[in-house]
Structures are given as C-alpha cells and as structure tokens.
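Worksheet for the structure shown next.
Just so you know, residue 1 is the first one in the sequence shown, and it goes up from there. Read the numbers this way: they start at 1 and go in the same order the structure lists the ligands and their atoms.
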Amino acid sequence: MGREEELGREEELGREEELGREEELGREEELEREEELEREEVLEREEELEREEELEREEELGREEELGREEELEREEELEREEELGREEELGREEELGREEELEREEELGREEDHDECAATNMCLNGMCINEDGSFKCVCKPGFTLNSSGRYCTDIDECQTPDTHMRSTCYAAVRRGLCVRAFQRAVTKSQCCCANPDYAFGEPCHPCPGKHSVEFQALCSSGAGFSADGKDINECALDPDICPNGVCENLRGSFRCVCNSGYESDQSGRNCLDIDECVVNRLLCDHGLCRNVPGSYSCTCPAGYSFRLDTETCEEVTPGKQLT
Ligand SMILES: [Ca+2]
Ligand SMILES: [Ca+2]
C-alpha cells in the first residue's frame with residue numbers, strides 16, 4: 001500500500017519535473033526565436049536605411065543634373081536675349097538714320113519754300129532737289145536713277161543692269177578653274193571684261209562672258225575695248241605687263257605693243273615675238289654656227305676664225321691682218 005502510493009507520487013513528481021523541463025525548454029526556444037526575429041528586424045531596418053540612402057544619393061545626383069541643365073538653359077536664354085537686344089539696337093539705329101534722312105529732306109524742302117518746285121511733297125524722292133531759275137533739277141542718291149518725268153529717283157536694279165559702280169579685282173586669265181594674275185587696280189566689270197573676254201572678274205571671281213555671248217553684248221554695249229559708259233579702256237594701265245618684250249600704247253578701243261629690238265609684233269599687234277635672226281639672214285654667222293636666243297642671236301666661230309661685228313660673219317684669222 002505504502003509503496004504503491006510512493007510510486008505514484010514519484011511518477012507524478014517525475015512527470016512534473018519533466019513538464020517543468022519541457023516548459024523551460026519551450027521558453028528557451030521562444031527566447032531564441034525572439035532574438036532571431038529581433039536580429040532579422042535589425043538587418044531589415046539596416047537594409048532599408050541603405051536603400052533610402054542610395055535613393056537620396058540618386059535624387060541628389062538627379063537634382064544636380066537638373067540644375068546643370070537649368071543653368072545651361074538659362075545661359076542659352078541669356079544669349080538669345082542679348083542677340084535680340086543687339087538686333088533691336090540695330091533696328092533702332094536704322095530707324096534713327098531713316099528719321100535723320102527724312103529730317104534732312106524736310107529741312108532741304110523748308111529752305112527752298114520760297115521757290116515752288118522743290119517745296120512740293122515727295123519732290124526728288126531718293127534724291128536731292130536743286131532749285132534753278134524758273135526750273136529745278138533732281139540729283140539722285142547713289143544706286144538711284146532719275147525717272148523719265150525728272151521729278152523723282154527710282155532704285156537701280158543692279159541685277160538687271162550689266163555694269164554697276166561696284167569695283168572689284170580683274171584677272172588676266174582662268175587656268176584649271178583658277179583665276180590667275182590679278183591686276184592691282186580695282187575696276188568695274190565692264191572695264192575688266194570688255195577689255196578682254198578671256199579675263200575674269202570679281203571676288204569670288206568668275207570668267208568674263210564669252211565674246212559672242214548675249215551677256216557680253218549687254219555688258220559691252222559700246223563694243224570690245226570700251227566700258228559700259230562708252231569710255232575707252234586703257235589696257236596698258238589695267239595690265240602693266242600686257243606687252244612682254246615691248247611697250248604698251250593705248251589706242252581708242254584698243255592698244256598695241258611697240259616691241260623691243262630683237263622682237264617683232266604679230267598680226268594682232270598685241271604680242272612681241274622673238275625674231276629668229278639665223279633664219280631671217282642666212283648669211284649671218286657665215287663660216288660659223290648661228291644660234292637663236294630670245295631677243296638676239298649668238299655666233300660660234302670655228303678654230304682659226306673670229307667673229308666680225310661689222311659683217312656679222314666668221315672670218316679667217318690671218319696673222320698679217322691681225323697685226324694691222
Ligand atoms: Ca584702249
Ligand atoms: Ca632672236
């Protein structure tokens with residue numbers, strides 16, 4: 001009896017102890033789990049912080065880029081504003097000039113109020129009205145021409161007129177598409193091209209219109225050798241090197257070359273050609289060897305002969321004669 005009770009109690013105690021241990025174990029496990037959770041949470045929070053920092057960094061970079069772009073835009077806008085101001089200023093200046101011109105015209109008109117013609121509004125437009133006894137005269141501004149009525153000036157369409165007051169460079173020739181031998185004096189197109197259609201004119205330069213072209217006829221209405229205003233072109237002044245081996249002589253509508261000795265002019269009279277003395281005079285350098293040289297000739301006499309200037313021949317050297 002006593003033993004059974006004791007056994008029962010022991011069993012109970014054992015069970016209780018076991019339960020207590022189990023409970024303790026459970027609590028420990030729970031604690032471990034909690035700790036792990038805490039660790040995980042911390043890690044998660046750290047990761048989140050890192051991500052946030054990265055985002056912030058990215059945002060900042062973005063902002064900086066945006067600022068850079070904004071600055072660029074601002075700079076561009078400023079440049080545009082400056083350009084516009086420049087344009088406005090220019091326009092303003094032009095307007096002012098225009099106003100000044102108008103005032104000048106008005107003053108001019110005002111001064112001659114007592115004389116009727118020039119006082120009329122728009123009289124001698126684009127020009128200057130000059131009062132004369134019982135009459136008047138319009139003097140046009142450059143680039144304008146008097147209208148057939150004589151009462152005002154109209155703009156000259158330079159594109160329609162073959163020659164203008166514009167002066168530029170005249171070139172002696174065009175070689176392989178390049179204008180060569182520029183003349184020093186600036187001339188008008190007709191002063192250049194009507195002198196010689198082989199010339200070239202302008203900057204950039206263009207070959208002159210061909211001799212038989214419509215353009216040439218329009219440009220050189222007075223004919224070759226004359227400028228558009230009908231005046232003779234001084235070819236010698238235009239091209240100082242026009243007569244190599246000669247002297248240029250200006251002629252009305254033309255020119256000619258007066259050749260140096262040893263040269264003769266060709267049929268055109270505009271070129272000086274070397275004379276081949278050896279061919280012209282077969283007796284030249286008799287007994288010797290004649291050699292033509294530009295502007296002259298030379299004689300080579302054989303041994304025992306010497307050149308005599310008076311006869312232009314090689315003569316046998318005789319000791320007796322040499323002494324005399
Ligand atoms: Ca001439
Ligand atoms: Ca010669």
Indicate whether the side chain of E203 and that of T169 have a donor and an acceptor atom separated by less than 3.5 Å.
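E203 vs T169: donor-acceptor pair found between side chains.
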Of the non-hydrogen atoms in C208 and P197, which two are nearest, and what is the gap between them?
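Closest approach of C208 to P197: CB-O, 3.4 Å.
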Tell me which donor-acceptor pairs under 3.5 Å the side chains of residues 279-299 have, and how far apart each pair is, sequence neighbours excluded?
from, atom 1, to, atom 2, distance (Å)
N281, OD1, L283, N, 3.1
N292, ND2, D274, OD2, 3.0
Y297, OH, E312, OE2, 2.9

Just the protein N/O/S atoms under 3.0 Å from the Ca ion (ligand 2), please, no waters.
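Those protein N, O or S atoms (cut-off: under 3.0 Å from the Ca ion (ligand 2)) are D274 OD1, D274 OD2, I275 O, E277 OE1, N292 OD1, V293 O, S296 O.
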Under 6.0 Å from the CZ atom of F144, do we count more than 12 heavy atoms belonging to anything else shown?
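It does: F144 CZ has more than 12 such atoms within range.
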Check the surroundings of atom CD in Q184: do more than 12 heavy atoms from other residues, nucleotides or ligands lie under 6.0 Å from it?
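It does not: Q184 CD has 12 such atoms or fewer within range.
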For the Ca ion (ligand 1), decide whether [X] has an N, O or S atom at a distance under 3.0 Å.
X	value
I233	yes
S254	yes
G225	no

Before moving on, can you tell me the angle at the Ca ion (ligand 1) between the OE1 atom of E235 and the OD2 atom of D232, to the nearest 10 degrees?
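If I round to 10°, I get 140°.
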Have a look at the Ca ion (ligand 1) and estimate, to 10 degrees, the angle subtended by OD1 (N250) and O (L251).
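Seen from the Ca ion (ligand 1), OD1 and O are separated by roughly 90°.
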Donor-acceptor contact present, side-chain N250 to main-chain C236, <3.5 Å:
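No; judged by distance alone, with no hydrogens or angles, the pair does not exist.
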Once rounded to the nearest 0.5 Å, what's the spacing between atom SG of C259 and atom CD of E264?
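Atom-to-atom, C259:SG and E264:CD are 8.0 Å apart.
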Applying ring-ring contact (aromatic ring centres under 6.0 Å, His included) between F183 and each of F201, Y199, Y171, report the one that passes.
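Answer after filtering F201, Y199, Y171: Y199.
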